[in-house]
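Inspection log for the structure reproduced underneath, given as structure tokens.
Values in this document were obtained by computation on a predicted structure and should not be read as measured data. Just so it is clear, the values below take in all heavy atoms, side chains as well, and ignore hydrogens, waters and symmetry mates. We name chains A, B, ... by the order of the sequence lines, and we start the count at 1 in each one.
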Protein chains: 4
Amino acid sequence: MSSTSNHKHTAILDAAYELFGSGGFYETKMSEIAVQAGIAKGTVYLYFKSKEELFMAVTRRDCEGFLQQLQEKLKASDTLSGKLSIIAKHHLYYYYERKRHTKLFFRAPNNNPELVAYMTLFMEEYMQAVVKVLLEGGASEPELMAQSYIGMLDRLKMDILFDPSFMEDDAYKRAGFAAGLFIKGAMDYLNLGQDDRPVE
Amino acid sequence: MSSTSNHKHTAILDAAYELFGSGGFYETKMSEIAVQAGIAKGTVYLYFKSKEELFMAVTRRDCEGFLQQLQEKLKASDTLSGKLSIIAKHHLYYYYERKRHTKLFFRAPNNNPELVAYMTLFMEEYMQAVVKVLLEGGASEPELMAQSYIGMLDRLKMDILFDPSFMEDDAYKRAGFAAGLFIKGAMDYLNLGQDDRPVE
Amino acid sequence: MSSTSNHKHTAILDAAYELFGSGGFYETKMSEIAVQAGIAKGTVYLYFKSKEELFMAVTRRDCEGFLQQLQEKLKASDTLSGKLSIIAKHHLYYYYERKRHTKLFFRAPNNNPELVAYMTLFMEEYMQAVVKVLLEGGASEPELMAQSYIGMLDRLKMDILFDPSFMEDDAYKRAGFAAGLFIKGAMDYLNLGQDDRPVE
Amino acid sequence: MSSTSNHKHTAILDAAYELFGSGGFYETKMSEIAVQAGIAKGTVYLYFKSKEELFMAVTRRDCEGFLQQLQEKLKASDTLSGKLSIIAKHHLYYYYERKRHTKLFFRAPNNNPELVAYMTLFMEEYMQAVVKVLLEGGASEPELMAQSYIGMLDRLKMDILFDPSFMEDDAYKRAGFAAGLFIKGAMDYLNLGQDDRPVE
DNA sequence: AATGAATGAGTCTTCATTCAT
DNA sequence: AATGAATGAAGACTCATTCAT
């Protein structure tokens, strides 16, 4: 019974993940989620009180999985650059894995303070995980740096999502590039004169 | 007549920009836009065929303004680092100015291929503008670098949007930080041993 | 325009009166009311915010009409018994007139405090109208007497509603009977011994 | 088994009486009745074919109890006025006891002909019980008189239902008043001149 | 060109009822 | 007999769009 219950619960979350992810919140009908999950419309409401609550649950599961896996993977390295590399690989591979399920990352209902609060929390936690790594390297401005790194990765993932020919290996190459660029800076990729320095 | 027509056209775009931007596509009603524009509901349809088309027009006007202003500003510097700094300042200041219109960029209708195509085009153009700057510096992998830089900036803008206490000056400081980090890399902010280098 | 507007407003109230009255609140669909009023479903919501509000409006209109007409008619007599007779005739004739429209008098949504409050107010006003008449006759216990009279009339109306063969004249005869019974008591209709008196 | 069966049957009726009575037919969910009865939802359907049938059964049990108790109590008096007094006391006390179940009698499903038929039958039986008493007193128009008396009582019960401060004694006082008014008429409570008589 | 009253397709959600266990 | 998970029909309400004026 518990396993049946869990099974349907999971099936609904999976269906909702797929449909919300590729279609967005408003474009996805509860009836479609039910069909996708292979159950009746009313059954969805036995497991989730409303469409918004279901969306929250999907988001939460995804974000938590992302953070948990990251923490796990970070244990594999002791160096700063190793850890930054792991973060990059994780970020890009995570979306690579989900490219078929989630083309457009979530278009959420606005005006839902609970969801906004959760997303803020998630970003904060993700950022703190990166901050922690950076602090071990003795970084000043670790929060700005963490934001920057995450931003880089988040943009670099886009092609992965939209380009069907993107392969796993390409994802890892991008990760390497991102880590390298972040640490060594653009100068290594450029021909800059000694004094060509950014001015504030 | 033409000026009257233009006037209403602009009033609708302004109203839609304000409301779509702060409320999102689905949350904004055509009737609200009409009220905000000071005209009747039916009149909106004399200027824009549908809600989606109006959203497209709003997006287009905004993105074009973004790119045009960027091109204009880039003329002010001849050095790579100067131009990168301009890009950063532009990106962050642009959002700073538009704090209240946050949501326009995330909360679009999804299943509209035309909009997706346009956003892709915009991103491509923005990226090419950055690529051009980087190529002048002799960059290898200019597209990846451009994406990374834009990603950094896009993430660093977030606090600007959500933190009401963020001031213009803070935006410029962030821009300086971003340009510096991008060019010189994280090492300048860290205490790394000689051999602590990222592994691909 | 105003007359058009009023026309639809009235048409909806009429339709709702008919359908709520004969079918009850829950049994009546908003779509049916729209069809009966000869308009589209959505139009009902231009005039009434919700089904409950429409029900309230129907109830209010009916009750107010009932009380206004009563006040008007009461002016026609100066004696107590004349006024009681008018009350009886009004009560019974009112339902006689509406028998085709309103077989089952309103089955209201429960748990609607606003409606309960209004119905209480209506009953209070109706009762006070009767109380006033009784006080002019120097009655002691006028409220209990008013309640009793109204109760009598309300029960005597039932056959009028359900018996299709009931005619206008029958309604007036009943009214006369009710007034007589109320004033002179049952004794006139009975063969009671001198000492057969109710014991408290 | 039969006793178990009977036990559940009764438990469901009790639960339904409580909930239908205080909440109304539509507002009460079968699942709530099951919870209140301490059984599973599906079990209700082993004893009652449908929600409407259950409502019928509740109504029937209540009405039958009302009539049986009345018949029983009427044996206690041999005089007309004694019996009318008993009827009044019974009617008012019955509702006094059931204060919490107010709504059962007004909030029935409408379009159920079976229920309408039963309620008509009940009213007929109640009326005939009163008619029989009146006929023993030699009444003319006994049915109209019975209706009137019942109507009086039914209205006088209202305050009992809605006024929480109403006590058992108050109910009995009202009963005495009602019986007195019905028999002796309003004249005893008024200052009417000899010729102030109702005009038909 | 401008209006805004009218439309009706579209979707979430509820809950009586069923049936496999 | 008892359960309660699952069903799906049904209906209130919204809002983009139209069109008579």
Any side-chain N or O of [X] less than 4.0 Å from the OP1 or OP2 oxygen of [N]?
| X | N | result |
| --- | --- | --- |
| C:Tyr47 | E:dA6 | yes |
| A:Lys8 | F:dA5 | no |
| C:Ser31 | F:dG11 | no |
| A:Lys41 | F:dG8 | no |

Rounded to whole angstrom units, what separation is found between the [atom1] atom of [X] and the [atom2] atom of [N]?
| X | N | atom1 | atom2 | answer |
| --- | --- | --- | --- | --- |
| D:Glu27 | E:dT14 | CD | P | 16 Å |
| C:Leu19 | F:dG11 | CG | C1' | 15 Å |
| B:Glu32 | E:dG4 | CD | P | 17 Å |
| B:Asn6 | E:dA1 | CG | P | 12 Å |
| A:Ile39 | E:dT18 | CD1 | P | 21 Å |
| A:Leu54 | E:dT11 | CG | C1' | 15 Å |
| D:Tyr45 | F:dG4 | OH | P | 15 Å |
| D:Ile12 | E:dT17 | CD1 | C1' | 15 Å |

Watson-Crick or G-U counterpart of F:dG4, or none if no pair lies under 3.5 Å
E:dC19
Assigned partner base of E:dT13, Watson-Crick or wobble definition, under 3.5 Å
F:dA10
Side chain of [X] only, heavy atoms from C-beta on: which candidate in [options] is closest?
| X | options | value |
| --- | --- | --- |
| B:Thr43 | E:dA2, E:dA16, E:dG4 | E:dA2 |
| B:Met30 | F:dG11, F:dA16, E:dG4 | F:dA16 |
| C:Leu46 | E:dA5, E:dT3, F:dC15 | E:dA5 |
| A:Lys51 | E:dA16, E:dT13, F:dG4 | E:dT13 |

Any luck finding a side-chain donor-acceptor pair between [X] and [Y] under 3.5 Å?
| X | Y | answer |
| --- | --- | --- |
| B:Tyr94 | B:Asp62 | yes |
| C:Glu27 | D:Tyr26 | yes |
| C:Asn112 | C:Tyr118 | no |

Where each residue is assigned the nucleotide of DNA chain E containing its nearest heavy atom, which of A:Thr28 and D:Ser50 is assigned the position nearer the 5′ end?
A:Thr28
Does any N or O in the side chain of B:Lys8 come within less than 3.5 Å of the main-chain N or O of B:Val44, such that one atom is a donor and the other an acceptor?
no
Once the angle between the rings of D:Phe25 and D:Phe20 is folded into 0 to 90°, is it parallel (under 30°), tilted (30 to 60°) or perpendicular (over 60°)?
parallel
On DNA chain F, more 5' by nearest nucleotide between C:Phe25 and A:Gly42 is A:Gly42
